[in-house]
Protein chains: 2
Amino acid sequence: MAKQNTVFKDAYNRCLKLLADTSSLPSEPELGQVLGVSRTTVRAILSRFEELQLIAWDKRKKNVLRQPRPDDYFPTEETDSLAEIIERSFMRRILAGGAEPGMQINELELAREIGTGTTSVREFLIRFSRFGLIEKRPNSHWILKGFTREFALELTEVREMFELRSAARFVALPDDHPAWAELTQIEALHRGILADIDNRYREFSELDEKFHLLVHKASSNRFIVDFYDVIAIVFHYHYQWNKTNARERNARALEEHLAYIEALRSHDPARAEQACRRHLQSARETLLQSIP
Amino acid sequence: MAKQNTVFKDAYNRCLKLLADTSSLPSEPELGQVLGVSRTTVRAILSRFEELQLIAWDKRKKNVLRQPRPDDYFPTEETDSLAEIIERSFMRRILAGGAEPGMQINELELAREIGTGTTSVREFLIRFSRFGLIEKRPNSHWILKGFTREFALELTEVREMFELRSAARFVALPDDHPAWAELTQIEALHRGILADIDNRYREFSELDEKFHLLVHKASSNRFIVDFYDVIAIVFHYHYQWNKTNARERNARALEEHLAYIEALRSHDPARAEQACRRHLQSARETLLQSIP
DNA sequence: TTTCTGTCTTTTATCTACAATAGACAGATT
DNA sequence: AATCTGTCTATTGTAGATAAAAGACAGAAA
């Protein structure tokens, strides 16, 4: 295969859902807009709909003939991009499987194991190297630096500098800045989860990322915002990996977030700093506890 | 060509210089060590030396037969790695040639222009993207964000946070830490250049990088040290590009460095912070002046 | 015993090829 | 006049192939 058609499959699945709600589909450019793909892909989707007798397609008319059935969808495994597959495989290997610092990483072996070409693995490793967990020896292998205590300390040190600065900027945002509305929305989500914490505590991870990203964005600094990717990926896999006391940890973090949100709302830099520090400190402790 | 043999050519040239100074060459592993290449490459070099009647090679004996002539060397253009060539080409394009922010970057076109395969260009762009000057639209082109005023401000904001913190760590280093010896050496280089500033002011750029890297390393934080790459590349090309008042600018920066070095030596955090701030402020102004 | 060389295998860096996807343009439709 | 469709071209993402470089191992030399 030269290129996976995951863009097509994923857009196709999403388009099937749209189809369930109407009697006829909009124009090709509009569909492309909604699905975030080019017209070429839209037309491929429409052709397939026609083949499967889902629609009658004649130029501008795209009338829905029947409701989609579960087996009209592509399996979700087939809609993940290669990059996502490689990332998951790789993270599982280095977090779960004995990931000794100093271990060598072999592109060819990794590619064989994942069942993909070397090019994609190589590009993934280059992109991934900015997370500071691996390092390249030119003309030779990569070295795993490992998810160690030092790594976590270095990461949190920078995180704290950046987030404190971002929080300081946040309190100074004008009242009509859209970030305030988003903050309100995020606060509501917090209260929703807290109200039913026993069943919904797993939703915290995603919300955590959303909240901190919003704060970092207030910095208006691309380096600070980009660095949040590093934090997000580490915490993302960390949550998947370390589930001890997840309910209590998450409940506490939600409370801290609420205090932090209120402090931001106060427009008082000193209060915001204090709430931010308190939360970051406990986030750091949680992360460190999970490292042997 | 599958792979350039620039490693061979570069090591070969360096080995020729070694050869000029002795009557016989050391063992293969030792040569590999000295040149930083594998035995395979060492043996390729020795084979060529033998072919060109530069040495008589019989197992452990590698006796020098004649002195190398200038035409024994490979031309220096052939010893640059592809990555270096691509980087230079690219930087020239985006700094010199009308680099409008928002411009599209096309992998194929870039590859054709540089005369290389798309893979190498692609990998370069991925590596380069961490500098925050370009951004990828998946399944589509890259976008040049441009060397704009905002870029410079965002860059210097983070630089100042990181360097202030690093300087604070530096003053607290124990007296037997090797950084102090390096600092002494760097200080001597500063005085050397200042003493003959009219002829040697061009050497400042390299020294500047060395000095600030030393300071950043005191942070013991990989993210802070890695970020210095971004600063270094920007200032490196900036110096090549903007030569107005170079002599005065550099003389002033050298004096600021000396004050900064003395402040670090004092072990007084407040003095160090003040000297650091003063220098960073003027570095920022210089950078901003060069942006339209 | 230790270090070196000869030989062989494995891996990386790079090119080329090709399907998937994006995107451009002219003529058709509203 | 504005938007849409049909058709065509160009670019990206990925696999596969191959020379260069790294590296492993056994036997030779010190």
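The basis for the numbers below is simple: all heavy atoms, side chains too, and nothing from hydrogens, waters or symmetry mates. The chains referred to below are lettered A, B, ... by the order of the sequence lines, with proteins before strands, and numbering in each begins at 1.
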*Should A/Lys210 and A/Glu182 count as an ion pair when the cut-off is N to O under 4.0 Å?*
no
_Please determine whether a side-chain nitrogen or oxygen atom of B/Arg43 lies at a distance below 4.0 Å from atom OP1 or OP2 of C/dT5._
no
*asked:* Please confirm whether the ring centroid of B/Tyr237 lies under 6.0 Å from the ring centroid of B/Phe147.
replied: no
*Under-4.0 Å salt bridge between A/Asp72 and A/Arg66*: yes
*So, is B/Lys62 near the phosphate of C/dT5, with a side-chain N or O under 4.0 Å from OP1 or OP2?*
yes
*Of the listed nucleotides D/dC25, D/dT14, C/dC4, the one nearest the side chain of B/Arg122*: D/dT14
*May I ask you to say what B/Arg137 touches in the nucleic acid, namely base, sugar-phosphate or nothing, with a heavy-atom cut-off under 4.0 Å?*
nothing
_Shortest side-chain distance from A/Ser27, nucleotide among C/dT21, D/dA21, D/dT5_ = D/dT5
_Mind checking if B/Gln4 touches a base, just sugar-phosphate, or nothing, with heavy atoms under 4.0 Å?_
sugar-phosphate
*In whole angstrom, what separates B/Leu108's CG from C/dA22's C1'?*
14 Å
*Nucleotide D/dG13, atom C1' - distance to CD1 of A/Ile126 in whole Å*: 14 Å
_Distance, rounded to the nearest Å, where B/Ile86 contributes CD1 and C/dT14 contributes P_ = 8 Å
*Over how many whole Å does the gap from B/Glu50 atom CD to C/dG6 atom P extend?*
10 Å
*Could you tell me whether the phosphate oxygens of C/dT21, OP1 or OP2, come under 4.0 Å of any side-chain nitrogen or oxygen in A/Thr40?*
no
*Side chain of B/Thr41, base of D/dA21: donor and acceptor closer than 3.5 Å?*
no
_N or O in side chain of A/Ser140 less than 4.0 angstrom from D/dG23 OP1/OP2_ = yes
*Does D/dT11 have OP1 or OP2 sitting under 4.0 Å from an N or O in the side chain of B/Thr118?*
no
*Taking atom types as modelled and ignoring hydrogens, do the side chains of B/Trp142 and B/Glu107 form a donor-acceptor contact shorter than 3.5 angstrom?*
yes
*Look at the side chain of B/Lys3 and decide which nucleotide, out of C/dT29, C/dT7, D/dA21, has an atom nearest to it.*
D/dA21
*Please determine if a side-chain N or O atom of B/Asn106 lies less than 4.0 Å away from the OP1 or OP2 oxygen of D/dT12.*
yes
*State, to the nearest 10°, the angle formed by the axis through the first five base pairs of the helix from C/dT1-D/dA30 to C/dT30-D/dA1 and the axis through its last five.*
40°
*Nearest nucleotide by nearest heavy atom, which residue falls closer to the 5' end of DNA chain D, B/Trp142 or A/Thr116?*
B/Trp142
_Salt-bridge present (B/Asp229, B/Arg130; N to O < 4.0 Å)_ = yes
*Does a distance-only test, which skips hydrogens and angles, find a donor-acceptor pair under 3.5 Å between the side chain of A/Thr119 and the base of D/dA15?*
yes
*Hey, which sits more toward the 5' end of DNA chain D by its nearest nucleotide, A/Asp58 or B/Gly36?*
A/Asp58
_NZ or CZ of B/Arg159 within 45° of A/Phe223 ring axis and under 6.0 Å_ = no
*asked:* What is the separation between atom CD on A/Glu28 and atom P on C/dA22, rounded to the nearest whole Å?
replied: 14 Å
_5' priority, DNA chain C, between A/Val7 and A/Ile105 [closest heavy atom]_ = A/Ile105
_Counting only side-chain heavy atoms from C-beta out, which of C/dG23, C/dA13, C/dA28 sits nearest to B/His141?_
C/dG23
*asked:* Measure CD/A/Glu107 against P/D/dT14 and give the value in whole Å, please.
replied: 16 Å
*So, B/Tyr12 versus B/Phe49, ring centres under 6.0 angstrom or not?*
yes
*Within 45° of the ring axis of A/Phe8 and under 6.0 Å from its six-membered ring centre, is that where the NZ or CZ of A/Arg48 lies?*
no
_Which nucleotide in C/dT21, D/dA20, D/dA22 has an atom nearest any side-chain atom of B/Ser38_ = D/dA22
*Could you state the atom-to-atom distance from CD of B/Glu123 to P of D/dA15 in whole Å?*
14 Å
*For the pair made of CZ in A/Arg112 and P in D/dG16, what is the distance, rounded to whole Å?*
13 Å
_Just to verify, which of A/Glu87, A/Glu113, A/Glu100 counts as forming a salt bridge (Lys or Arg N to Asp or Glu O under 4.0 Å) with A/Arg93?_
A/Glu113
*asked:* Taking the minimum atom-to-atom distance to the side chain of A/Asn139, which one of D/dA22, C/dG6, C/dA22 wins?
replied: D/dA22
*Return the nearest nucleotide to the side chain of A/Lys136; candidates are D/dG13, C/dA13, C/dA24.*
C/dA13
*Is there a donor and acceptor pair closer than 3.5 Å between the side chain of A/Lys59 and the base of D/dT5?*
no
